[in-house]
Amino acid sequence: MDIGIKTGKSPFPGKGQVLIYFVFEEEWKKDQGLKILDELSAGFIGKKIVNQHFDAKAGKIVVVDINKPEYDQVILVGAGKKDEFSLARFKNLLAETVRTSGKLGLDELSLFYFPALGDDHFNIGKNLSLAFHLANYRFDKYKSKKNRRPDRVTKLVFLKDDKITSSLLGGISFGELVSQGISLTRDLVNEPASHLHPVTLESVAFQIEKTSSERIKVEILDKEECVRLGMGAFLGVAQGSEREAKFIVLKYLGPKAKKTVSLIGKTIIFDSGGLSLKPSSAMETMKCDMAGGATVLGIFKILSKIPDLPLNVYGLLPVCENMPSGGAIRPGDVLTAVNGKTIEVLNTDAEGRLTLADALSYSEKYLKSDLSIDLATLTGACIVALGKEISGLMGNDKKTMDLYQKIADKEGDLVWPLPMHKDYLEKMKQGSIADIKNVSGSSSGGGAITAALFLSEFVDRMKWLHIDIAGPAFWTDRDKGVISHGGTGWGVVSIIELLKNLS
Ligand code: BES
Ligand code: ZN
Ligand code: ZN
């Protein structure tokens, strides 16, 4: 699949093609291009508009057969309100259009440049390319051939009157690279736990190292090494599973780097809840509990092809499985983390924070990170607070949090800050035989916040961002915009953009 770029005179350069035509709610009635297209179609477009109640609301798509030498079809896409338009919206609308076209068996599309896209050519190219590649993402390896969907669009031609700039072309290829990272994240999250062991992720990390032209080095800390480092909290979670835990470290050492950023991904390959077993319905999607780690691997796949980021970036994946067994941790057990703090485990289903406690302390104590960012499918409570489309953002550095929120918003990865109310922390310390409990007790509410406060006990001086991706990491609904059913790859593009901004 590729995105071809063609130049042509506006507005009808093609022959026997499908034209995608975006139009705003306030403008479609007097849109000049639409008038010309209507004439070309001998009034057919106008009729369709009336029949299908086209109102140019965002996401409204109408396909019109005109069978003219210039175009076979015109796809009218409602771009919504002009002042709500953004490149993120454009990306989702275009992805939706590509999906609709695929279902109709159209495999080559042309999109005409329109002024509302603005003049940030790199970002136009990037979003165009993300829309196209992500809408074409499929995870059908476990389906028999006859059950696979043959509905992909193979080519998108971007028609532009004036000069095709090198930044537009650069954006298109960068978008393709980012899509590859996102697709890797999606593939890993979609992979069932039966087929995804800690060693599977280890080999994915080595594969990234191998194709990185020496930019990335991978180190694996096995169980003995984790014991030696004092990762009692992480190993406590792992001890109920037959699959040996691995702590995967990826290192990108940028040229002339002055700062070190660690990306920490919660990587529970399956979360049964452990002895505090989840009810079956809550367990159905728990193969997704390694989405944080998969996001970090997706990001490193992209970093492996970026030669000149002046930043050291470390990726940390504490990989294990949360299972009940004769060897599993019990409610009431006490574990000791890398920073020496002791944790009374009252609920074995609050396991992510235990693995992250050690990863955070390790990143500060041994890797001397200036900033650590953890991405974690950490709490159901975050979904209650913010729903399935917005991640929770917490941390100890308002400036970096604000910066990330702004960048993420632009990329369509929505995040919202939740308050780190200190009093809740006290509740996790009171009445414990250890330094802290891993839960604050039943019916206290604010679960996303208490989880973050727990993590803050394992951060000392470094800057830290915590992103609770429990909602957006895994989509159980119908495909929507660039988001497809299953693993979404949420966070890959916004973290990459943040890294570019920090360097
Ligand atoms: N992995 C879950 C959180 C989760 C829930 C992720 C739904 C994605 C979708 C996490 O380990 C968990 O079980 N958290 C508990 C914490 C509780 C025991 C304090 C939760 O959210 O119920
Ligand atoms: Zn859990
Ligand atoms: Zn979990």
Side-chain angles (χ1 to χ4, degrees), residues 189-190 193 196 233-234 236-241 245 264-295 317-324 328-333 335 343-359 374-392 394 418 424-425 427-428 432 436-455 466-477 486-488 490-491:
V189 173
N190 288 334
L196 189 114
F234 168 51
V237 175
Q239 76 190 37
S241 169
I264 302 173
K266 172 174 170 183
T267 322
I268 302 292
I269 57 171
F270 186 76
D271 181 11
S272 70
L275 287 175
S276 315
L277 198 66
K278 283 182 184 295
S280 7
S281 60
M283 224 188 276
E284 273 176 19
T285 57
M286 278 306 128
K287 67 172 185 183
C288 84
D289 217 18
M290 36 60 74
T295 308
L317 282 75
V319 190
C320 68
E321 186 182 29
N322 188 21
M323 293 293 265
I329 36 165
R330 316 155 192 83
D333 282 0
L335 306 171
I343 306 161
E344 188 179 8
V345 179
L346 291 181
N347 190 324
T348 64
D349 196 14
E351 83 298 337
R353 62 195 75 184
L354 300 172
T355 66
L356 295 176
D358 276 338
D374 75 76
L375 294 126
T377 46
L378 204 61
T379 64
C382 199
I383 307 178
V384 175
L386 298 173
K388 288 286 295 171
E389 297 186 22
I390 306 170
S391 291
M394 284 148 277
L418 294 173
Y424 295 170
L425 185 59
K427 284 193 78 175
M428 272 185 288
S432 179
I436 191 166
K437 300 178 280 191
N438 75 331
V439 284
S440 64
S442 56
S443 74
S444 45
I449 297 171
T450 47
L453 286 164
F454 176 91
L455 296 181
H466 161 58
I467 311 172
D468 193 330
I469 59 172
F474 198 76
W475 187 247
T476 47
D477 217 332
T488 60
W490 190 100

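Since this is a predicted model, take the numbers as computed values, not measurements. Counting starts at 1 for both ligands and their atoms, in listed order.
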Shortest protein contact, atom 9 (C) of ligand 1 (heavy atom only): Met286 CE, 3.6 Å
Proximal atoms of ligand 1 relative to Ile383 (non-hydrogen, under 4.0 Å): 7 (C), 9 (C)
Non-neighbouring partners of Thr348 that pass side-chain contact (heavy atoms from CB on, under 4.5 Å), sequence neighbours left out: Leu275, Ser276, Ile329, Pro331, Val345
Polar protein atoms near the Zn ion (ligand 3) [N, O or S; cut-off under 2.8 Å]: Lys266 NZ, Asp271 OD2, Asp289 OD2, Glu351 OE2
Test side-chain contact (heavy atoms from CB on, under 4.5 Å) applied to Leu346 - qualifying residues, sequence neighbours left out: Glu344, Lys437, Asn438, Val439
Heavy-atom nearest neighbour in the protein, as seen from atom 21 (O) of ligand 1, with distance rounded to 0.1 Å: Gly380 N, 2.7 Å
Distance (rounded to the nearest 0.5 Å) between Glu351 CD and Lys266 NZ: 4.0 Å
Side-chain heavy atoms of Val384 within contact of Thr379, under 4.5 Å: no
Pairwise distance CG(Leu378) to CZ(Phe454) - rounded to 0.5 angstrom: 10.0 Å
Neighbour count >12 (heavy atoms, 6.0 Å) for atom CZ, Phe270: yes
Residue and atom name of the nearest protein heavy atom (relative to atom 6 (C) of ligand 1), distance in Å to one decimal: Thr377 O, 3.6 Å
Minimum-distance protein heavy atom relative to atom 14 (N) of ligand 1: Leu378 O, 3.5 Å
Non-hydrogen atoms of Ala233 and Asp358 that approach each other most closely: N-OD2, 3.0 Å
Sub-4.0 Å atoms of ligand 1 with respect to non-hydrogen atoms of Glu351: 11 (O)
Reported CG-to-CD1 distance for the pair Leu354 and Ile343, which is rounded to 0.5 angstrom: 5.5 Å
Option set Asp271, Thr379, Asp349, Ile268, criterion heavy-atom distance to atom 2 (C) of ligand 1, minimum: Asp271
Nearest protein heavy atom with distance in Å, relative to atom 18 (C) of ligand 1: Asn347 ND2, 3.4 Å
Distance, nearest 0.5 Å, that separates CG of Asp374 from CD1 of Ile469: 9.5 Å
Closest to atom 13 (O) of ligand 1 (judged by heavy-atom distance), picking from Met290, Met283, Lys266, Lys278: Lys278
Any Arg353 heavy atom less than 4.0 Å to ligand 1: yes
Non-hydrogen side-chain atoms of Trp490 and Ile467 separated by less than 4.5 Å: yes
For Val439, the ligand 1 atoms whose distance to one of its heavy atoms is below 4.0 Å: 19 (C)
Going by atom type alone, with no hydrogens or angles, which donor-acceptor pairs under 3.5 Å involve a side-chain atom of residues 277-287 and a protein atom two or more places apart or on another chain?
| unit_1 | atom_1 | unit_2 | atom_2 | d |
| --- | --- | --- | --- | --- |
| Lys278 | NZ | Asp349 | OD1 | 3.2 |
| Lys278 | NZ | Asp349 | OD2 | 2.9 |
| Lys287 | NZ | Asn190 | O | 2.6 |

